[in-house]
2 protein chains.
Amino acid sequence: MEERTFGAVMQELRKGKGLSQEELAFRSGLDRTYISLLERGLRVPTIATLFKVSAALDIRPEEFIARMNVQYQNENHGAA
Amino acid sequence: MEERTFGAVMQELRKGKGLSQEELAFRSGLDRTYISLLERGLRVPTIATLFKVSAALDIRPEEFIARMNVQYQNENHGAA
DNA sequence: ACAAAATGCAGACTATAGTCCGTGGAGTAG
DNA sequence: CTACTCCACGGACTATAGTCTGCATTTTGT
């Protein structure tokens with residue numbers, strides 16, 4: 001199974017726009033080293049950060065989320 | 001302008017399914033009091049929590065996000 | 001009125017998101 | 001070789017997400 005994390009999606013979008021991590025950091029108002037942490041999957045952002053990064057990359061947050069497929073999903077949500 | 005926060009969307013979906021905060025907490029693997037905090041807008045969840053809550057409410061995370069409209073968005077994302 | 005369920009809320013706590021400063025290494029260009 | 005850009009990475013730190021216990025209040029149902 002593919003593991004498309006937040007960081008992977010972000011990196012792809014960032015490179016697609018020809019931005020450096022530092023430029024993305026500036027645009028999103030986040031720290032340069034934190035962008036690096038996100039891309040390497042070492043941090044899980046809040047949705048506030050999702051919105052900031054999405055805005056900086058000119059993509060709708062829901063579209064950003066739609067591009068990921070991860071298994072944060074819980075074990076226990078079987079029957080209604 | 002309407003302010004549709006994460007918590008507002010969550011509460012609407014939760015009530016729509018006839019769940020108590022405690023039941024939602026159990027399904028999502030989160031704390032009951034934290035669910036309460038989220039609904040009152042006193043906490044901003046990580047995307048990991050978004051995925052958990054979404055799973056517990058049988059909705060796709062991107063659909064969940066699409067239902068909100070908030071102004072976390074940054075000041076500086078003008079021109080390309 | 002009464003009981004029970006559901007929620008608000010406070011305090012104290014642990015885990016982790018996010019910042020800041022600096023360094024070293026890889027790649028590119030003069 | 002030198003200079004510059006970009007990024008990985010560490011350490012130390014601050015802010016806040018998320019837990020746990022317990023109690024008061026509200027709500028729901030009989």
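Below, read A as the first sequence line, B as the second, and so on, with proteins coming before strands; counting in each chain starts at 1. Remember, it's a predicted structure, so these values are computed and weren't measured experimentally. Values below: every heavy atom of this structure, side chains too, minus hydrogens, waters and symmetry copies.
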_Side-chain N or O of B/Ser36 versus OP1/OP2 of C/dG8: is the shortest distance under 4.0 Å?_
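True: B/Ser36 side-chain N/O within range (under 4.0 Å) of C/dG8 OP1/OP2.
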_Under-4.0 Å side-chain N/O to phosphate OP1/OP2 contact, A/Gln21 with D/dT5_ =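 For A/Gln21, the contact criterion (side-chain N or O under 4.0 Å from OP1 or OP2 of D/dT5) is not met.
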*asked:* I want to check something: taking the side chain as every heavy atom from C-beta on, are B/Met10 and B/Val53 in contact at a cut-off of under 4.5 Å?
replied: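 Heavy-atom side-chain distance check passes, below 4.5 Å.
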*Determine whether A/Leu38 and A/Gln11 make a side-chain contact, defined as any pair of heavy atoms from C-beta on separated by less than 4.5 Å.*
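No, every pair of side-chain atoms sits at 4.5 Å or beyond.
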[X] [atom1] to [N] [atom2], straight-line distance once rounded to whole Å:
| X | N | atom1 | atom2 | value |
| --- | --- | --- | --- | --- |
| B/Leu42 | D/dT16 | CG | C1' | 13 Å |
| B/Ile47 | D/dA17 | CD1 | P | 15 Å |
| B/Met10 | C/dT7 | CE | P | 11 Å |
| A/Ile35 | D/dC6 | CD1 | P | 15 Å |
| A/Arg43 | D/dT16 | CZ | P | 16 Å |
| B/Leu30 | D/dA17 | CG | C1' | 11 Å |
| B/Leu38 | C/dC9 | CG | P | 14 Å |
| B/Asp31 | C/dA15 | CG | P | 15 Å |

_Can you identify which nucleotide, out of D/dA8, D/dT19, C/dT19, has its nearest atom closest to the A/Arg40 side chain?_
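The listed nucleotide nearest to A/Arg40's side chain is D/dA8.
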_Among D/dT19, C/dC20, C/dA17, the nucleotide that comes nearest once only the side chain of B/Leu37 is considered_ =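 The answer is D/dT19.
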*Could I get the full list of salt bridge (charged side-chain N to carboxylate O under 4.0 Å, His left out) partners for B/Arg60, not counting sequence neighbours?*
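B/Glu62.
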*asked:* For A/Glu22, give me all partners under salt bridge (charged side-chain N to carboxylate O under 4.0 Å, His left out), at least two apart in sequence or on another chain.
replied: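 Checked A/Glu22 against salt bridge (charged side-chain N to carboxylate O under 4.0 Å, His left out); zero matches.
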*Can A/Arg27 and A/Glu23 be counted as an ion pair, charged N to O under 4.0 angstrom?*
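Between A/Glu23 and A/Arg27 there is no salt bridge, as every charged N stays at least 4.0 Å from the carboxylate O atoms.
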*Any chance the side chains of B/Ser36 and B/Arg32 put a donor and an acceptor closer than 3.5 Å?*
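Result is no, nothing qualifies.
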*Euclidean distance, A/Leu42 CG relative to A/Leu37 CG, rounded to 0.5 Å*: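 The CG atom of A/Leu37 sits 5.5 Å away from the CG atom of A/Leu42.
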*Hey, which sits more toward the 5' end of DNA chain C by its nearest nucleotide, B/Glu22 or B/Thr46?*
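The answer here is B/Glu22.
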*What does nucleotides 22-30 of chain C look like as a protein-contact string, B for base, S for sugar-phosphate only, - for none, at under 4.0 angstrom between heavy atoms?*
B--------
